[in-house]
Amino acid sequence: PNHFIAWANESKTPEGLAARLSSEGVKHLILVPAEAARLGPALGAFSDDGYRNWAALDPAFLKTAFKGPACVVFSLKELRP
């Protein structure tokens, strides 16, 4: 599956997912709903916990950098130690 989905599923909490993203060097995320729909099952599937972790990233750990009609770009906020 997609690394982001796998990391969300593996994380115990949204904080854990944010820390994993940061440790992997992720600074920005771009979400393109039409592309996700086109790729569908090839991306993998969120577990219930994984979906909750992913959905809870915004706004606690993400800042919207750009929002257009077809995509959203987020920057990962600095994590506090």
Side-chain angles (χ1 to χ4, degrees):
N2 174 287
H3 288 301
F4 298 111
I5 293 173
W7 296 337
N9 291 344
E10 293 166 5
S11 296
K12 300 209 182 309
T13 64
E15 293 86 355
L17 175 55
R20 176 69 184 267
L21 292 169
S22 181
S23 75
E24 295 287 345
V26 174
K27 299 202 182 300
H28 295 88
L29 295 170
I30 181 169
L31 299 180
V32 184
E35 187 66 4
R38 185 185 73 81
L39 294 172
L43 290 174
F46 284 111
S47 65
D48 289 344
D49 287 339
Y51 181 79
R52 281 191 287 276
N53 289 336
W54 186 262
L57 285 177
D58 182 34
F61 301 100
L62 300 177
K63 178 181 177 188
T64 302
F66 171 82
K67 186 172 185 176
C71 70
V72 180
V73 178
F74 295 100
S75 60
L76 189 63
K77 293 179 181 178
E78 278 294 316
L79 296 178
R80 295 184 182 143

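Reckoned from all heavy atoms, side chains included, excluding hydrogens, waters and symmetry mates. Just so we're clear, the structure is a prediction, and the values are computed from it rather than from any experiment.
Separating the CG atom in Leu79 from the OG atom in Ser23 is a distance of 9.5 Å, to the nearest 0.5 Å. The distance from the CG atom of Leu76 to the CG atom of Leu57 is 7.5 Å, given to the nearest 0.5 Å. Rounding to the nearest 0.5 Å gives a distance of 6.5 Å between CG of Leu17 and CH2 of Trp54.
Between Ser47 and Gly50, the shortest heavy-atom contact is OG-N, 2.9 Å. Scanning all heavy atoms of the two residues, the minimum distance from Leu31 to Pro33 falls at O-CD, 3.6 Å.
Shown here are the side chain to side chain donor-acceptor pair (under 3.5 Å) partners of Ser75, two or more places apart in sequence or in another chain: there are none. Here Glu15 pairs with nothing under the salt bridge (charged side-chain N to carboxylate O under 4.0 Å, His left out) rule; sequence neighbours left out. For the side chain to side chain donor-acceptor pair (under 3.5 Å) test, residues two or more places apart in sequence or in another chain that qualify with Arg38 are Glu35. Partners of Asp49 under the side chain to side chain donor-acceptor pair (under 3.5 Å) rule, at least two apart in sequence or in another chain, are Arg52. With sequence neighbours excluded, the residues forming a side chain to side chain contact (heavy atoms under 4.5 Å, CB included) with Ile30 are Val32, Cys71, Val73, listed by chain and number.
Among residues at least two apart or in separate chains, salt bridge (Lys or Arg N to Asp or Glu O under 4.0 Å) pairs with a member in residues 3-13 are Glu10-Arg20. Every pair tested for salt bridge (Lys or Arg N to Asp or Glu O under 4.0 Å) that includes a residue from residues 70-81 fails, sequence neighbours excluded, so the list is empty. Judged as a ring pair (Phe, Tyr, Trp, His ring centres under 6.0 Å), the pairs with a partner in residues 5-45 (not counting sequence neighbours) are, in order, His3-Trp7, Phe4-Trp7.
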With a 3.5 Å cut-off and sequence neighbours excluded, list the donor-acceptor pairs that the side chains of residues 61-70 form with protein atoms.
none

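Between the side chain of Asp58 and the main chain of Phe74, no donor-acceptor pair closer than 3.5 Å is present.
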